[in-house]
Amino acid sequence: MAWLLVVVAGLFETGFAVCLKLSHGFTRLWPTIAFCVFALGSFGLLTLSLKKLDVGPAYAVWTGIGAAGTAIYGMAFLGDLVTSLKLVSISLVLVGVIGLQISGSSH
């Protein structure tokens, strides 16, 4: 259950990163509100998961999901450049995230 919280928190991290971009420096109301909701949700879920998980692997998985998700979203919907090297790098991040999740890090 704790790893599920980390995964959802990582997805929320993608949401707050994208909303941060869309807020244009917190000058647009709705993306700014969405940023706050996603950020609070992300940090809240990560905090709950850390009651059961070691901080290093949990934080690495959280940031990995957020980084990969944000990069994928940017390429798919925001016109970010798509290159083979980016796709391979995102794949390596995701492989690392999966490896950390199955490493059995819990108390």
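Numbers here simply count residues along the sequence, with the first being 1. Values below: every heavy atom of this structure, side chains too, minus hydrogens, waters and symmetry copies. Only a predicted model underlies this, so the values are computations on that prediction, with no experimental measurement involved.
- The side-chain contact (heavy atoms from CB on, under 4.5 Å) search around A68 returns I90, V93, L94, not counting sequence neighbours.
- The minimum heavy-atom distance between A34 and C19, with the atom names listed, is CB-SG, 3.5 Å.
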Under 3.5 Å, sequence neighbours excluded: what are the donor-acceptor pairs made by side chains of residues 70-85?
unit_1 : atom_1 : unit_2 : atom_2 : d
T70    : OG1    : G66    : O      : 2.6
T83    : OG1    : K86    : N      : 3.1

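- Between atom CD1 of residue I33 and atom CZ of residue F26 there is a gap of 12.0 Å, rounded to the nearest 0.5 Å.
- For the atom pair E13 CD and I65 CD1, the distance stands at 9.0 Å (nearest 0.5 Å).
- Here I98 is tied to no hydrophobic group at all, with no ILVMFWY side chain closer than 4.5 Å.
- Closest approach of V6 to S49, counting heavy atoms only: CG2-OG, 3.2 Å.
- When hydrophobic side chains of Ile, Leu, Val, Met, Phe, Trp and Tyr are connected at separations under 4.5 Å, V88 ends up clustered with L92.
- Applying the side-chain hydrogen bond (donor to acceptor under 3.5 Å, both in side chains) definition to pairs two or more places apart or across chains, those involving residues 16-40 are H24-R28.
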Please list, one pair per line, the donor and acceptor atoms closer than 3.5 Å that link side chains of residues 37-46 to other protein atoms, with sequence neighbours excluded.
unit_1 : atom_1 : unit_2 : atom_2 : d
S42    : OG     : A9     : O      : 2.8
S42    : OG     : W62    : NE1    : 2.8

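- The same ILVMFWY cluster, assembled from side-chain heavy atoms under 4.5 Å apart, contains both V61 and L53.
- A distance of 11.0 Å separates OH of Y59 from CG of L50, quoted to the nearest 0.5 Å.
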